[in-house]
Amino acid sequence: MKPFLTLQSVESVLEHIRAFPLLGEERVQLDDALGRSLAQCFSATEDLPGFDRSTVDGFACRARDVFGAQEGNPALVECVADCRMGEVPSITIEEGQAARILTGGMLPQGADCVVMVEYSRSAGGNLIEITRSQAPGDNVIFRDDDATAGSLLLQAGHRLRPQDIGLLAAFGVVEVEVRRKPLVAVLSTGDEVVPSSATPPPGKIRDINAHSIAALCREAGAQPMRAGIVNDDAAKLKAAVTQLAETHDVVVVSGGSSAGMRDHTVEIFESLPQAQLLVHGVAISPGKPFILARAVVNGRTVCLVGLPGHVTSALVCARVFLAPLLEHLQGHADSSKQPQVSAVLTRSVASAQGRRDYLRVKLRPLPSQPPTRALSDKTLQPLYEAEPIMGASGLISGIAAADGLMVCPENREGYDAGDTIMVELFR
């Protein structure tokens with residue numbers, strides 16, 4: 001087996017990832033755009049809400065006419081009309097006048113505030129006593145309070161959330177330009193691997209990685225396809241990778257525990273048209289034998305990813321590199337950023353300098369301070385304790401039991417029990 005190239009840092013690999021071209025655009029229905037990445041910036045096409053409206057039930061009036069009003073010295077106004085919901089009031093409020101209005105109703109001309117109905121009482125006929133002073137703008141949303149025409153609201157690359165879908169709907173958007181979902185082929189390798197639906201004979205194991213890696217791809221917004229299992233045969237692997245590269249944006253090769261298989265993967269990646277090997281080995285644990293390459297097939301850039309065969313190593317590498325790659329291809333901003341919480345380490349852990357260690361941890365509320373809020377800021381006091389989960393990288397149960405990963409950076413030899421650490425949460 002050929003030796004690894006010079007081990008690269010995590011940051012170096014992420015730089016390679018950010019150099020891949022973004023995928024093209026497509027137009028989708030607004031209701032199908034959740035989680036998708038905006039292809040272009042969105043600016044307000046009009047003022048929103050577009051008219052002055054009341055935020056309460058009460059009386060629209062002029063603030064100067066009720067200035068200083070109080071329970072013992074009410075202001076007297078005449079109710080001259082009702083403002084019907086969904087209609088433009090046909091009146092103009094003059095001095096000493098008011099109009100009855102409901103929440104969301106359009107203010108009539110001349111009114112600049114609304115008095116809540118709780119602070120009014122009948123004085124006979126159309127006369128109303130106002131028992132609270134108001135200032136201009138009280139209980140009113142003005143025509144451009146939500147958005148001013150031309151103002152930038154959403155940046156290109158923004159991942160659309162439910163509230164963003166609502167914002168676009170407010171401007172009448174029914175279709176939106178987003179980045180295309182990456183098409184990912186996940187190919188498992190190894191003579192010892194059988195489909196998960198099979199009963200493995202002695203010496204063989206079910207294919208775990210194909211399912212877990214495909215699920216991670218789907219979580220990252222991609223469209224994965226499990227491409228089956230290839231035995232430890234270089235010719236068969238080359239044929240499979242070549243065929244998959246014709247129709248997919250990303251080809252992920254997982255596994256291959258024989259002595260020469262990882263070497264075959266590098267050579268096969270390099271055999272594709274205009275191929276360039278970017279990464280062959282990373283200063284990371286677990287997941288050192290990570291491979292990243294690119295090729296140009298039928299005028300398209302294809303990302304080629306080689307993951308370790310051990311299930312924990314594969315998932316850690318996929319989380320640290322494959323997920324950011326898929327999010328980058330869709331134009332997501334801060335594609336490598338992960339949600340974090342701070343926690344107190346329950347026992348010491350060792351690490352080797354010069355590599356970045358990702359350790360599985362289980363989170364529990366601190367006994368003296370149960371969590372009352374989510375944590376995302378390092379300045380907050382930790383509300384959790386983190387219990388390291390030890391075990392071989394070939395075991396799936398450890399990472400399944402974990403709530404996240406603690407990162408031990410390259411310049412440390414570990415952490416002591418009682419240290420405050422940051423934990424990258426699993427989604």
Side-chain angles (χ1 to χ4, degrees), residues 29-31 33-34 38 40-71 73-123 126-156 158-176 373:
Q29 293 293 314
L30 181 62
D31 288 338
L34 181 66
L38 269 183
Q40 301 170 1
C41 294
F42 178 79
S43 297
T45 55
E46 58 192 69
D47 290 341
L48 192 68
F51 61 92
D52 299 343
R53 60 189 303 197
S54 175
T55 63
V56 298
D57 295 344
F59 293 91
C61 60
R62 306 191 319 168
R64 71 188 69 176
D65 292 336
V66 297
F67 179 76
Q70 52 188 306
E71 185 70 31
N73 185 28
L76 191 64
V77 296
E78 181 186 7
C79 182
V80 295
D82 288 344
C83 299
R84 295 183 178 275
M85 292 294 294
E87 296 183 5
V88 178
S90 59
I91 62 165
T92 298
I93 297 299
E94 305 289 351
E95 182 178 358
Q97 293 182 337
R100 189 175 287 104
I101 194 169
L102 298 178
T103 301
M106 182 176 181
L107 260 67
Q109 290 290 321
D112 60 5
C113 70
V114 177
V115 179
M116 294 177 65
V117 67
E118 292 90 332
Y119 305 118
S120 66
R121 59 190 179 219
S122 175
N126 292 331
L127 296 179
I128 303 294
E129 287 184 343
I130 304 299
T131 61
R132 174 166 291 195
S133 181
Q134 301 291 319
D138 281 356
N139 302 318
V140 174
I141 292 177
F142 290 107
R143 62 173 296 114
D144 60 354
D145 275 354
D146 225 350
T148 302
S151 60
L152 177 63
L153 299 179
L154 298 173
Q155 293 278 3
H158 180 73
R159 190 196 308 266
L160 291 172
R161 305 163 298 172
Q163 56 266 43
D164 304 320
I165 300 296
L167 178 66
L168 294 171
F171 290 97
V173 174
V174 295
E175 293 183 333
V176 60
R373 65 187 188 281

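These numbers come from the heavy atoms of this one structure, side chains and all, not from hydrogens, waters or symmetry mates. Throughout, numbering of the chain's residues begins at 1 and tracks the sequence.
- Residues Val115 and Ile128 fail the side-chain proximity criterion, which asks for heavy atoms closer than 4.5 Å.
- When every heavy atom of Asp145 is checked against every heavy atom of Pro49, the shortest pair comes out as N-CD, 4.5 Å.
- Rounding to the nearest 0.5 Å gives a distance of 5.0 Å between OG of Ser120 and CD1 of Ile130.
- Val173 is listed as a side-chain neighbour of Phe42, based on a closest heavy-atom distance under 4.5 Å.
- In this structure the side chain of Leu153 reaches within 4.5 angstrom of the side chain of Phe171, judged on heavy atoms.
- How far CG of Asp138 is from CE of Met116: 11.0 Å, rounded to the nearest 0.5 Å.
- The main-chain N or O of Val117 is never found under 3.5 Å from a side-chain atom of Asp57 such that the two would form a donor-acceptor pair.
- Nearest approach of Thr148 to Ser151, heavy atoms of both residues: O-OG, 2.7 Å.
- For the pair Val176 and Ile165, the minimum side-chain heavy-atom distance is 4.5 Å or more.
- The shortest non-hydrogen separation linking Ala60 to Ala111 is CB-CB, 3.9 Å.
- Between Phe142 and Asp52, the shortest heavy-atom contact is CA-OD1, 3.3 Å.
- At distances below 3.5 Å, not a single donor-acceptor pair connects side-chain atoms of Thr131 with backbone N or O atoms of Glu71.
- Once rounded to the nearest 0.5 Å, the distance linking CD of Glu129 with OG of Ser122 reads 8.5 Å.
- Within the 3.5 Å criterion, the main-chain N or O of Thr55 finds no donor-acceptor partner in the side chain of Asn139.
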For residues 74-102, which side-chain N or O atoms pair as donor and acceptor with protein atoms under 3.5 Å away, sequence neighbours left out?
from: Asp82; atom 1: OD1; to: Arg100; atom 2: NH1; distance (Å): 2.7
from: Gln97; atom 1: OE1; to: Glu94; atom 2: N; distance (Å): 2.8

Evaluation steps, side chain to side chain contact (heavy atoms under 4.5 Å, CB included), between Cys61 and Val66: CA-CA 8 Å; Cys61 60; Val66 297; 4.1 Å; yes
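- Between Leu154 and Leu160, the shortest heavy-atom contact is CD1-CD2, 4.1 Å.
- Summarising the local packing, CZ of Arg121 is surrounded by more than 12 heavy atoms from other residues, nucleotides or ligands at distances under 6.0 Å.
- Counting heavy atoms from C-beta outward, Asp164 and Leu38 have side chains that stay 4.5 Å or more apart.
- Closest heavy-atom contact between Cys41 and Gln155: SG-OE1, 3.6 Å.
- The side-chain hydrogen bond (donor to acceptor under 3.5 Å, both in side chains) test applied to Glu175 returns Gln29, not counting sequence neighbours.
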